[in-house]
Structure formats: structure tokens, C-alpha cells
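Working notes, beginning with the structure itself.
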Amino acid sequence: MSAAAEAAADPDRARLDAWLAPLGVDYELFACDPALADTAQFCAAYGFALEDSANTIVVIGKAAEPVYAACVVLATHRLDVNRTVRNRLGTRKASFASADETRALTGQEIGGVTAFGLPPGMPLWVDAAVMARERIVLGGGSRSWKVIAPPTILRALGAEVVDGLATRREP
């Protein structure tokens, strides 16, 4: 199948390749059942460790003009929205963006949100624990794809590594 035919057959994969190829970092695309895209289900179904799964979460700082950022944290960690995120956004209140807000901002569905292809100017913050992993599994921009890559791929995007962006959850 030609590259054009392959892109037409799976536009989600073609979009993902277009985002990733220019970064110059090795990566693997992993197709998954959209019904199993949520992190815990995905890891259980496909044999990945939660410690290697990194979620991209869009947050909103509530102000006269809302401000947004994307945060990447391990599935074993909890994003510190009430302190670290709020302080970084410079707002009095912060929360997770709703599924509708996330879709409107990124064009991506919850369960597939990725750090790649974010709107220009949206800050991308990565918890330091993510960078300590040998490889991570990230959403692929749709519920049908995941990206497996070294965490350095996030640096190639210009992400800022933030100590204390998230805290480890108790098992």
C-alpha cells in the first residue's frame, strides 16, 4: 500500500506520524482497541506497566481570561492541580479541563490525549518522574493509537520538566 493510501485508510495514524517524524526521536506506534484506551484498561489488556504509562492532562486556570496548559504525569501519580499547577498558571483556581474543553482545544478525545499536536503557545509541563523512565506509553491523539518512546521525545517538543508537578499515589 502506498503512503498516500495508508494515510487515507487511517488518518489518525497519518496525523500521528506527521507530528512525530520531525522530532528525530525513535518511537513506536501501537494500535489499540478504542474501548480499551483508558490507561488502566489499556495496561491490563496489553501487558504494559502502569509505571510506564504517562497521561497527558489538559488543565484550566480560572480567571477573567482562562489559561490552559497540558501536563504529562505517570499513571501511578496524581497531578498537583491545587498547588503546583495553580501556581504555575498564576490563577486563584485551577482544575482539569472538561472533556468538551479538551476536545475543543486539542481536537482529541479523553483516553487518547497526547502531548503532540497541541495548540501553539499551550505550555507543556512534564513531571520529573516521567523523565526517569526508560520508555513511556503516551496517548496517540485518538483512542486507537498509543506512542511508545523514550521520555526524551517530550524534550524534543520543548516541554518543561517540573519537579513536584505530581505526587506518587498510594497503591
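Residue indices begin at 1 and follow the sequence shown. Only heavy atoms go into these numbers, but all of them, side chains included; no hydrogens, no water, no symmetry mates.
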Review point. Checking Arg13 side chain against Ser144 main chain: does a donor-acceptor pair fall under 3.5 Å?
Key: no
**Study point:** side chain to side chain contact (heavy atoms under 4.5 Å, CB included) between Val73 and Ile57, intermediate numbers included
**Key:** CA-CA 8 Å; Val73 301; Ile57 302 164; 3.8 Å; yes
Study note, to complete from the structure: Rounded to the nearest 0.5 Å, the OH atom of Tyr46 sits from the CD atom of Gln41 at a distance of 10.5 Å
Review point. Mind checking whether Ile153 and Val161 sit in one hydrophobic cluster, side chains of I, L, V, M, F, W, Y counted as touching below 4.5 Å?
Key: yes
**Study point:** From CG (Leu29) to CG (Asp12), nearest 0.5 Å
**Key:** 11.0 Å
Review point. Do the side chains of Leu89 and Trp125 get nearer than 4.5 Å, heavy atoms only?
Key: yes
Exercise for review: Keeping the roles fixed (side chain from Ser98, backbone from Glu101), state whether a donor-acceptor pair exists under 3.5 Å.
Suggested key: yes
Check your understanding: Below 4.5 Å, heavy atoms only, C-beta onward: do Cys32 and Lys146 meet side chain to side chain?
Key -> yes
Check your understanding: Short question: side chain of Arg143, backbone of Glu109 - any donor-acceptor pair under 3.5 Å?
Key -> no
Check your understanding: With side chains defined as the heavy atoms from C-beta onward, is the minimum distance between Phe96 and Thr102 less than 4.5 Å?
Key -> no
Study note, to complete from the structure: Given the options Ile60, Asp80, Leu165, Val162, Val85 meets side-chain contact (heavy atoms from CB on, under 4.5 Å) only with Leu165
Exercise for review: Taking all heavy atoms of Ala115 and all of Val72, pick out the closest pair and write down the distance.
Suggested key: CB-CG2, 4.2 Å
Exercise for review: Decide yes or no for Val59 and Tyr68: does some side-chain heavy atom of the first lie under 4.5 Å from some side-chain heavy atom of the second?
Suggested key: no
Exercise for review: Let me see the working for Val147 and Val137 under side chain to side chain contact (heavy atoms under 4.5 Å, CB included), right down to the final yes or no.
Suggested key: CA-CA 6 Å; Val147 177; Val137 179; over 6 Å; no
Practice item. State the CG-CG distance between Asp127 and Leu154, to the nearest 0.5 angstrom. Key: 11.5 Å
**Study point:** Atom pair OG1/CG of Thr56 and Leu124 - distance to nearest 0.5 Å
**Key:** 7.0 Å
**Study point:** Backbone N/O of Gln108 and side chain of Arg103: donor-acceptor pair under 3.5 Å
**Key:** no
Review point. Taking the side chain from Arg86 and the backbone from Asn82, do they hold a donor-acceptor pair closer than 3.5 Å?
Key: yes
Point to revise | Residue pair Asp52 / Arg133: nearest heavy atoms and the distance that separates them | key: OD1-NH2, 2.8 Å
Exercise for review: Using the rule that two of Ile, Leu, Val, Met, Phe, Trp, Tyr join whenever any of their side-chain heavy atoms come within less than 4.5 Å, decide whether Met122 and Val130 are in one cluster.
Suggested key: yes
Point to revise | Between Phe30 and Phe42, ring centroids under 6.0 Å | key: yes
Review point. Could Arg155 and Glu160 be called an ion pair, given the rule that one side-chain N must be under 4.0 Å from one carboxylate O?
Key: no
Check your understanding: Backbone N or O of Gly112 within a donor-acceptor pair of the Ser142 side chain at under 3.5 Å?
Key -> no
Review point. Does the side chain of Asn55 pick up a donor-acceptor pair with the side chain of Thr39 at under 3.5 Å?
Key: yes
Practice item. Could you give me the CA-CA distance, side-chain angles and deciding distance for Leu118 and Leu105, then say whether side chain to side chain contact (heavy atoms under 4.5 Å, CB included) is met? Key: CA-CA 8 Å; Leu118 294 172; Leu105 286 166; over 6 Å; no
Practice item. May I ask you to test the Val25-Pro150 pair for a side-chain heavy-atom distance under 4.5 Å? Key: yes
Point to revise | Heavy-atom neighbours of Glu28 CD exceed 12 at 6.0 Å | key: yes
Point to revise | Min side-chain heavy-atom separation Leu23-Phe116 under 4.5 Å | key: yes
Check your understanding: What are the two closest non-hydrogen atoms of Gly164 and Thr84, and how far apart are they?
Key -> O-OG1, 3.1 Å
Point to revise | Over all atoms of both residues, closest heavy-atom pair of Leu16 and Gly140 | key: CD1-O, 3.3 Å
Point to revise | Inter-residue atom distance Arg78.CZ - Arg169.CZ, 0.5 Å rounding | key: 5.0 Å
Exercise for review: Drop me the distance from Lys62's NZ to Thr91's OG1, to the nearest 0.5 angstrom.
Suggested key: 9.5 Å
Review point. More than 12 heavy atoms of other residues, nucleotides or ligands under 6.0 Å from CG of Asp38: is that the case?
Key: yes
Review point. Just by distance, with hydrogens left out, do Tyr27 and Asp17 show a side-chain donor and acceptor under 3.5 Å apart?
Key: yes
Exercise for review: Establish whether Val113 and Leu36 are linked, either directly or via other cluster members, by ILVMFWY side-chain heavy-atom contacts under 4.5 Å.
Suggested key: no
**Study point:** Short side-chain to backbone donor-acceptor contact, Thr114 and Gly139, under 3.5 Å
**Key:** yes
Review point. Passes side chain to side chain contact (heavy atoms under 4.5 Å, CB included), Val126 versus Met131? Steps please.
Key: CA-CA 8 Å; Val126 179; Met131 302 308 290; 3.9 Å; yes
